[in-house]
Q: 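First the structure, then my questions, so here it is.
Computed from heavy atoms alone, side chains included, the values below leave out hydrogens, waters and symmetry copies. Treat the numbers as computed from the prediction; the structure is a model and nothing was measured.
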Amino acid sequence: MHDFTASPIDRCELRERWSRLCREERKVLSVNQLGTEDHPYDVLVVGARCAGAPLGMLLSQRGYAVELVDQNLIGTDTVSTHWIRWPGVQQLRAWGLVPALEKTGCPPIASASLDFEGRVVTGGPRAAGAEAVTYAPRRTELDALLVTEARAKGARLRERFAVTGLIVVDGRVAGVRGTGPDGPAGLHARVVVGADGRNSTVARLVKAPVLEDRGVLARSLYGYWTGVAERGVRVVFRGRRGISLWPTNCDLTVVSLVFPPEEAPGPGRSALDEFYMSSLTEVPEVGQVLASADLVSQPRSAAVRNARRHTHGPGWVLAGDAGHHKDPVSAQGISDAFADAAVLADALDAGLSGAVGLDEALAGYAATRDAQRLAAFAYTCEQAELRPFTAEFLDDLARTAADERAVEAFVNSFVGCDAPSDAGWLGESH
């Protein structure tokens, strides 16, 4: 273990050293390479969504100079499971953001009805003896909220900025090159964070090795409905298909269908829409709920590879889906992104302040991430195969439904109330 009682190098001194390094490098780079703007930052975060924006918030409030860049306008929609499981809600609560989330019109979810081939378990999750509510916000609202908080803490933001290359100094990533509304620019930073999703540009540019790739195991479709009376979550499994309903912003309900890739409809928008509607209405329990409701959006399609990458190297590190992405069937992506932001912020603080070496800090973050994600990765891949439920499992569910304590334990597990908290950034290996 390292001695964290030792006084770290003053951050202002470190920043001045870095500024001098950047000024020296600029002497040998042409104007075309750097563009018109060139500022040294402690951390440059590529991607300003569920991993990148909270990371920018946490580092900025500790006094670091942080630049967020995103290729889209903030608040642009993106494919998402929507649901923030209990660990993610707890993280939002620790950051003081739950009230702001509720002000967006996202309703709290306090109950769950889980239907497996007609065996139904219904209950309200509880944690520490209190009601455990979760949320399923539209990403247009959640992402904008997170960026607003990051900027309020001092992070800078560049929207519509597409990263096209890396700045490398002595074998270390020292920034990025890209193009935005003001033209080409080179941005220097002590660390570049790739938080830009499963198709991460940063991961591609640094050639982050893929450690495991299980491919696409399931596909999903989802749409937004109005007029759904239920305020809790409902999940229904029939055969190898799963249907889930989540209340979200603007009195809408997101209704998701997950199915094996081999059951995908033929080409064309109309075939996709027809498959989505028929798959929902042919399940009586779902059809009844949606009978007086209206679909107000075209169904969106998702097919996510289950893969994980090596997450760090000289001057760079990956967070959120950029380093580890899995099928939405387990709905852990948002909560995982929040956890990455919290753990990586601690690691970067230790490395940038001089308490430990920066490379050692990034390795500690990666060890923690792997320790927290490997079991969930394997579990998600198993669930995404959508295997038929065994008779033994269904019999156990019938017994569970008749036992109040067993119901609470089952629902708590589904919501994530029994999930272990993320360890410190040093991980198990230290």
Q: Checking salt bridge (Lys or Arg N to Asp or Glu O under 4.0 Å) against E67, which of R151, R156, R190 comes through?
A: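 By the salt bridge (Lys or Arg N to Asp or Glu O under 4.0 Å) criterion, E67 pairs with just one of R151, R156, R190: R156.
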Q: To the nearest 0.5 Å, how far apart are CE in M277 and CG in L257?
A: 11.5 Å
Q: Are any side-chain N or O atoms of D196 and backbone N or O atoms of V202, one a donor and one an acceptor, separated by less than 3.5 Å?
A: yes
Q: Got a second to check how far L272's CG is from Q298's CD, nearest 0.5 Å?
A: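 Reported to 0.5 Å precision, the distance equals 9.0 Å.
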Q: Salt bridge or not for E263 and R241, using N-O below 4.0 Å?
A: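 Yes, E263 and R241 are salt-bridged.
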Q: With rounding to the nearest 0.5 Å, note down the distance linking CG in L166 to OG1 in T201.
A: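 It comes to 10.0 Å.
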Q: Would you mind telling me which of N249, T104, D143, D77 makes a side chain to side chain donor-acceptor pair (under 3.5 Å) with R138?
A: D77
Q: Is there a donor-acceptor pair closer than 3.5 Å between any side-chain N or O of S353 and the backbone N or O of A350?
A: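 Yes: the side chain of S353 pairs with the backbone of A350.
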Q: Can E262 and R219 be counted as an ion pair, charged N to O under 4.0 angstrom?
A: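 No, no charged N to carboxylate O under 4.0 Å.
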Q: Got a salt bridge between E131 and R126, using NZ or NE/NH1/NH2 to carboxylate O under 4.0 Å?
A: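 Result for this pair is no, no salt bridge flagged.
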Q: Under the 3.5 angstrom rule, does the side chain of S278 hit a backbone N or O of F275 as a donor-acceptor pair?
A: yes
Q: Check for a donor-acceptor pair, side chain of R240 on one end and backbone N or O of L386 on the other, with a separation under 3.5 Å.
A: yes
Q: Side chains of Q332 and S330: donor-acceptor distance under 3.5 Å anywhere?
A: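 Result is yes, a qualifying pair exists.
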Q: Answer yes or no: is there an ion pair linking R305 with D213, defined by an N-O contact shorter than 4.0 Å?
A: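 Looking at D213 together with R305, the answer is yes, because their closest N to O distance falls below 4.0 Å.
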Q: Among E212, H324, H325, whose side chain to side chain donor-acceptor pair (under 3.5 Å) with R308 holds?
A: E212
Q: Return yes if some donor-acceptor pair links the side-chain N/O of T164 with the main-chain N/O of R177 below 3.5 Å, else return no.
A: yes
Q: With a 3.5 Å distance limit and no angle check, can you tell me whether R231 reaches the backbone of S111 through a side-chain donor-acceptor pair?
A: no
Q: Are any side-chain N or O atoms of D42 and backbone N or O atoms of A65, one a donor and one an acceptor, separated by less than 3.5 Å?
A: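 Yes; judged by distance alone, with no hydrogens or angles, the pair exists.
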Q: Are side-chain heavy atoms of R373 and D336 found at a separation under 4.5 Å?
A: yes
Q: Please check if any side-chain donor atom of D349 sits under 3.5 Å from a side-chain acceptor atom of Y64, or the reverse.
A: yes
Q: Taking the six-membered ring for Trp, are Y222 and Y224 parallel (under 30°), tilted (30 to 60°) or perpendicular (over 60°)?
A: perpendicular
Q: What distance do L146 atom CG and E141 atom CD have between them, rounded to the nearest 0.5 Å?
A: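 Here the interatomic distance stands at 11.5 Å.
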Q: I'd like to know if the side chain of S220 reaches the main chain of V258, judged simply by a donor and an acceptor atom lying under 3.5 Å from each other, with no hydrogens or angles considered.
A: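 Absent.
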Q: May I ask you to check whether F393 and F116 place their ring centers less than 6.0 Å from one another?
A: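 Ring centroids of F393 and F116 are less than 6.0 Å from each other.
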Q: Is any NZ, NE, NH1 or NH2 atom of the basic residue among R399 and D403 found under 4.0 Å from an Asp or Glu carboxylate oxygen of the other?
A: no
Q: What about the rings of W83 and Y135, do their centers lie closer together than 6.0 Å?
A: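 They do not qualify: ring centres at least 6.0 Å apart.
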Q: For the pair M57 and W95, evaluate side-chain contact (heavy atoms from CB on, under 4.5 Å) and give the outcome as yes or no after the intermediate values.
A: CA-CA 10 Å; M57 174 190 70; W95 295 336; 3.7 Å; yes
Q: Quick one: which of D70, T179, L187 gives a side chain to side chain contact (heavy atoms under 4.5 Å, CB included) with F161?
A: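 One option only clears the test, and that one is L187.
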Q: Would you compute the distance between atom CD1 of I74 and atom CZ of R49 and round it to the nearest 0.5 angstrom?
A: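 Taking CD1 in I74 and CZ in R49, the distance rounds to 7.0 Å.
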Q: Between T76 (side chain) and N72 (backbone), is there a donor-acceptor pair under 3.5 Å?
A: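 No, the answer is negative, given that no donor and acceptor are paired below the 3.5 Å cut-off.
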Q: Between L362 and L344, is there a side-chain heavy-atom distance shorter than 4.5 Å?
A: yes
Q: Rounded to the nearest 0.5 Å, what separation is found between the CZ atom of F389 and the CG atom of D395?
A: 14.0 Å
Q: Are any of the side-chain nitrogens in R172 or D359 under 4.0 Å away from the carboxylate oxygens of its partner?
A: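 A salt bridge is present here (some side-chain N lies under 4.0 Å from a carboxylate O).
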Q: Quick test of your reading of the model: are R238 and D115 salt-bridged, counting only N-O distances below 4.0 Å?
A: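 Salt bridge: yes.
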Q: For a quick check under 3.5 Å, do W246 and S244 share a side-chain donor-acceptor pair by atom type?
A: yes
